[in-house]
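Here is the structure we will look at, set down as structure tokens.
Each chain gets a letter, A, B and so on, in the order the sequences are listed, and its residues count up from 1.
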Number of protein chains: 2
Amino acid sequence: MDAVDRIVEQWARQRPDLDTAPMELIGRMARVRNHMARAMDQTFAEFGLNAASFDLLATLLRAGPPHALSPTDLAAMMMITSGTMTNRIDQLVKTGLVERRKSPTDGRGFLICLTPEGMALIDRAVTAHVATQARLVAALDPDQRAALNAALSGLLIGFEGEGAGDGAGDGAGKGGDAGEDTAT
Amino acid sequence: MDAVDRIVEQWARQRPDLDTAPMELIGRMARVRNHMARAMDQTFAEFGLNAASFDLLATLLRAGPPHALSPTDLAAMMMITSGTMTNRIDQLVKTGLVERRKSPTDGRGFLICLTPEGMALIDRAVTAHVATQARLVAALDPDQRAALNAALSGLLIGFEGEGAGDGAGDGAGKGGDAGEDTAT
DNA sequence: TCTGTTTGTCTTGACGTCAAGATAAATCTC
DNA sequence: GAGATTTATCTTGACGTCAAGACAAACAGA
């Protein structure tokens with residue numbers, strides 16, 4: 001009897017015509033994701049980061065040497081708008097974790113590079129993040145994990161299409177929510 | 001080979017020491033949730049609502065007659081702060097879907113009530129919402145659905161504790177994200 | 001070469017959220 | 001009952017996001 005069960009019960013009384021089985025699934029997934037996001041945020045905070053800045057630094061790290069990407073490429077990979085990208089870069093430049101270099105090939109463009117400090121920080125932060133993630137799924141035994149992963153893959157293929165490009169790129173809503181980093 | 005696989009592959013090259021199996025699971029769940037949230041937002045928009053206003057109206061509806069709750073109770077159920085609650089109520093009062101009545105028993109308090117218009121709208125919107133949710137899980141066969149639900153329940157119990165109170169109530173981060181309605 | 005279009009980045013304005021605190025009413029303690 | 005505490009709600013200020021558009025540099029066609 002969890003919180004989702006209580007909500008489903010209320011609907012059964014108020015609108016017995018509704019089939020709430022999908023709601024159970026989706027509701028639980030939303031709640032699980034919220035708990036996980038909260039836990040991961042704590043790990044980020046230990047390194048003076050939030051999900052947004054962690055995501056940017058991690059994207060640069062896992063891109064491989066020379067750990068430099070254009071704001072446009074970063075925004076595409078992280079599925080955020082260019083304005084948001086500018087803002088995130090500004091903050092990380094202020095804290096000295098990345099730097100803006102002029103693109104050698106395009107006078108309009110920049111390359112966002114990890115500084116040595118940024119490199120060192122994100123390297124440690126990623127290690128801690130992976131440990132946090134391991135802890136978050138520890139409650140599941142291997143069979144359950146495999147089943148969960150298979151079901152999620154099935155859904156994801158349905159949403160994104162088998163071998164589509166990188167981003168879902170639909171176009172999110174505006175204010176407040178919609179995302180909280182999508183990957184890493 | 002989906003987007004999450006590509007990210008995991010990059011980590012394997014850059015940090016082969018990491019066990020990215022949990023990341024796959026969590027990454028897929030985050031992406032699935034984002035796609036679902038986007039689809040549900042579309043349904044809400046068809047009724048002139050967003051996730052926030054839908055959530056409030058639906059909470060009042062499923063609470064049963066007389067479809068009236070205090071802002072404090074609503075905020076607790078929806079796991080948002082009192083300031084956000086004030087804001088959400090203001091908007092729905094402006095559009096005539098709910099009204100503020102003085103509490104008959106507490107001079108400080110109000111009861112937020114569905115107006116007839118709000119009642120009619122949310123009743124139709126919930127029907128459409130449930131249909132959208134059914135469509136979102138249609139890709140899974142009954143076995144997969146059961147396995148997914150079981151795995152999510154297991155995780156949720158781990159996070160919220162077996163029979164705990166209504167809210168997780170931890171205390172979220174501040175700006176931007178953290179939620180996008182949790183239930184309904 | 002010159003002009004028009006495309007591309008890369010930043011700026012502006014609006015929105016929804018949160019945290020912290022202000023205000024008013026209710027309740028408790030002596 | 002009078003003063004202190006708690007509870008219910010709203011207000012303020014800051015933040016991060018998006019959409020739309022401003023601006024500069026690069027490219028393409030005559």
Fill in: A:His67 side chain reached by A:Leu111 side chain, heavy atoms, under 4.5 Å
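Not in contact.
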Measure from [atom1] on [X] to [atom2] on [N] and round the result to the nearest Å.
| X | N | atom1 | atom2 | value |
| --- | --- | --- | --- | --- |
| A:Asp106 | C:dT7 | CG | P | 12 Å |
| A:Asp90 | C:dT9 | CG | C1' | 11 Å |
| B:Arg38 | D:dC18 | CZ | P | 10 Å |
| B:Met78 | C:dC18 | CE | P | 10 Å |
| B:Ile89 | D:dA8 | CD1 | C1' | 11 Å |
| A:Asp41 | D:dG16 | CG | P | 12 Å |
| A:Lys94 | D:dG16 | NZ | C1' | 13 Å |
| A:Met79 | D:dA19 | CE | P | 14 Å |

side-chain contact (heavy atoms from CB on, under 4.5 Å) involving [X] - partner list, sequence neighbours excluded:
| X | value |
| --- | --- |
| A:Gln144 | A:Leu140, A:Asp141 |
| B:Thr127 | A:Arg15 |
| B:Thr115 | B:Glu99, B:Glu117 |
| A:Arg124 | A:Phe47, A:Leu121 |

Report the nucleotide, chosen from [options], that has the shortest atom-to-atom distance to any side-chain atom of [X].
| X | options | value |
| --- | --- | --- |
| A:Phe110 | C:dT9, D:dC10, C:dT17 | C:dT9 |
| A:Asn50 | D:dG16, C:dT9, D:dT9 | D:dG16 |
| A:Thr86 | C:dA19, C:dT17, C:dT11 | C:dT11 |
| A:Thr84 | D:dT9, D:dA26, D:dT17 | D:dT17 |

Worksheet item: If you pin A:Asn87 and A:Gly107 to their nearest nucleotides in DNA chain D, which one's is more 5'?
Response: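 Result: A:Asn87.
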Fill in: 5' precedence on DNA chain D between B:Arg100 and A:Ile80 (nearest-nucleotide basis)
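Final value for this comparison: B:Arg100.
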Practice prompt. Please determine if a side-chain N or O atom of B:Gln91 lies less than 4.0 Å away from the OP1 or OP2 oxygen of C:dC15.
Written response: no
Short heteroatom pairs, N/O only, protein and nucleotides 1-5 of chain C, under 3.5 Å:
none

Worksheet item: Heavy-atom count around A:Gln42 CD within 6.0 Å, excluding the residue itself: above 12?
Response: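 Not buried by this count: 12 neighbours or fewer within 6.0 Å.
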Practice prompt. Would you mind listing every salt bridge (Lys or Arg N to Asp or Glu O under 4.0 Å) that reaches into residues 143-152 of chain A, with sequence neighbours excluded?
Written response: none
Discussion item. Please list all pairs meeting salt bridge (Lys or Arg N to Asp or Glu O under 4.0 Å) that have one or both residues in residues 70-79 of chain A, counting only residues at least two apart or in different chains.
Written reply: none
Item to complete: Report the residues that fulfil salt bridge (Lys or Arg N to Asp or Glu O under 4.0 Å) with B:Arg100, sequence neighbours left out, ordered by chain and then residue number.
Response: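 So B:Arg100 forms a salt bridge (Lys or Arg N to Asp or Glu O under 4.0 Å) with B:Asp90.
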Discussion item. What contact category does B:Ser103 fall into here, base, sugar-phosphate, or nothing, at under 4.0 angstrom with non-hydrogen atoms?
Written reply: nothing
Worksheet item: If you measure only the distance, is there a donor-acceptor pair under 3.5 Å linking the side chains of B:Ser53 and B:Asn50?
Response: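 Judged by distance alone, the side chains do pair up.
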Tabulate atom names and distances for all N/O pairs under 3.5 angstrom spanning the protein and nucleotides 20-24 of chain D.
none

